[in-house]
Amino acid sequence: MLNNYKMNGILTGLLAFVIFATTTQAVQAMHIMEGFLPPSACIVWGILCVPFLACGITKINRLLDRHPQTITFLAMAGAFTFVLSALKLPSMTGSSSHMTGIGFAAILFGPSVAGVLSVIVLLFQAVLLAHGGLTTLGANTFSMGIVGSVTAFLVYYLLQKIGSPKSVAIFFAASLGDLATYVVTSLQLALVHPSEVGGITASFIKFAGIFAITQIPLAIVEGILTVVLFNIITAYAHDTIKPFGEH
Amino acid sequence: MNINWKYNIGLLFIAVLITILPFMIVKNSDFAGADTQAKNTTQEISKDFEPWFSPFWEPPGTETESMLFALQAAIGSGIIFYCIGYLKGKNDANKK
C-alpha cells in the first residue's frame, strides 16, 4: 500500500510540477502590476512574508514526511488555485477579475501551507505571464497568501466553533478570504498612491471600488465552487482529510 | 458516503447564473480587467508616476494569450479530476 501511495505521490508531484512549469497565463493581472509599488514598499511586504512562508514550508515537509498520501490533496489545492486564477469572470461593475482559490488550501492545510501554494502560483504567473509581477510578488503574496488565507481559516474556524453547518462555514471562509485579498490589494495601492485630495482614504475608496466591488460576485462563485469540491472529496475521502492539517 | 449530485449541480448552476448575470445587467461594456482600470486610476492619482520595472516577457498577442490561458485551465482541472478519480477509485476498492 505504501508503495502505491509513494507512486501516486511521485506522479501527482510531477503533474503539479508540469502545470507550474509549463503553463503560462496571459490574463490581465488582478494582482498588483509590475513596477506599480515603489522599491521600499516591495521590500517591506516581501520581508513580512518570509517568516510565514518559512513556517509553511516546514509544515509541508513534515506533512509529506509523516503522511505521504496528503500529496494528492496538496496537488489538488495547488491546481484549484491555478485554475481559478486563470478564469477571468465578468462582474456587475462592467469589468472582470479572477478568483483566488486560496480558501480551499487554507481550510484543508491551514494558512501557512496555503501561503506557500500561493507564492508558487504567483511566481510562475509573474515570470511566464507578465501577470502580477516580480517586484510586487511580496505584496501580492501578503494579500492573497497571508491575509486571504488567514481570513479564510479564521472564518471557517469561528463558524465551526459556533456550530454552523460545514458547507456554510466553507462558503463564507472561501468567499471572505477571496474578498479580503482584494481589500488588502486596494489598501496596498492606496498607501503608496495617496490622492492629492483626501489622501490615503480617498484613494483606498477608489481602488476598493475597482478591485473589491468587482470581486463581490466572484467571491460568491468561489465560495460555491469550494463547497462543491469539498463535498466531493469528503464523500470519497472523509477518513483521510482532517482540516487544519492535523494529519 | 455518496455524493449528493442534485445539491452539487444546483450549486454549480447558481455559480453559472451569477457569472452570466452581469452580461444582462451591464450593457455597453467590454468587461476589461480590473487591473487595467487600477493602472489608469494610479496614473490619475499620481500623475508623475511611472512604473519603475517592466515584465521581462509578455505574450506577443491575444491568440497566444488565449492559448496559454486555456492551457492553464485545462492542466489545472486535469490535476483536480485526476485526484478526484484516484480518491473515488481508492474509496470503491476499500468498500469491497
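Order of the sequence lines fixes the chain letters, A, B, ..., with proteins taken first and strands second; residue numbering starts at 1 for each chain. From a predicted model like this one, the values you see are computed outputs, not experimental measurements.
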Next on the checklist: Report which part of B:Ile84 has an atom under 4.5 Å of a heavy atom belonging to chain A: side chain, backbone, both, or neither.
Outcome noted: both

Item to check | Portion of B:Phe81 that has a non-hydrogen atom of chain A nearer than 4.5 angstrom | outcome: neither

Item to check | Derivation of the side-chain contact (heavy atoms from CB on, under 4.5 Å) call for B:Cys83 and A:Phe73 | outcome: CA-CA 8 Å; B:Cys83 294; A:Phe73 300 101; over 6 Å; no

[X] versus chain B, the contacting section by heavy-atom distance below 4.5 Å:
X: A:Leu225; answer: side chain
X: A:Phe207; answer: side chain
X: A:Pro194; answer: backbone
X: A:Leu218; answer: neither

Pairwise side-chain contact, [X] with [Y], heavy-atom cut-off 4.5 Å (strictly under):
X: A:Val227; Y: B:Tyr7; value: yes
X: A:Val83; Y: B:Ile75; value: no
X: B:Phe31; Y: A:Ser95; value: no

Item to check | Heavy atoms from other residues, nucleotides or ligands near CZ of A:Phe204 exceed 12 (cutoff 6.0 Å) | outcome: yes

From [atom1] ([X]) to [atom2] ([Y]), nearest 0.5 Å:
X: A:Thr234; Y: B:Ile3; atom1: OG1; atom2: CD1; value: 8.0 Å
X: A:Leu229; Y: B:Ile80; atom1: CG; atom2: CD1; value: 6.0 Å
X: B:Lys90; Y: A:Thr72; atom1: NZ; atom2: OG1; value: 6.0 Å
X: B:Leu11; Y: A:Asn231; atom1: CG; atom2: CG; value: 7.0 Å

Checklist entry - Picking from B:Asn8, B:Asp92, B:Ile14, B:Val26, which has the most non-hydrogen pairs under 4.5 angstrom with chain A? => result B:Asn8

Checklist entry - B:Thr19, B:Leu17, B:Ile25, B:Ile9: which one forms the most heavy-atom pairs within less than 4.5 Å of chain A? => result B:Thr19

Compare every heavy atom of [Y] with every heavy atom of [X], then report the nearest pair and how far apart it is.
X: A:Ala86; Y: B:Ala73; value: CB-N, 4.3 Å
X: A:Ala235; Y: B:Asn91; value: O-ND2, 4.0 Å
X: A:Tyr236; Y: B:Lys88; value: OH-CD, 3.4 Å

Sort out for me which of [options] touches chain B most, counting heavy-atom pairs under 4.5 Å.
options: A:Thr214, A:Leu134, A:Thr81, A:Thr135; result: A:Thr135
options: A:Met92, A:His193, A:Glu222; result: A:His193
options: A:Pro38, A:Ser91, A:Gly133; result: A:Ser91
options: A:Val192, A:Ile224, A:Val221; result: A:Ile224

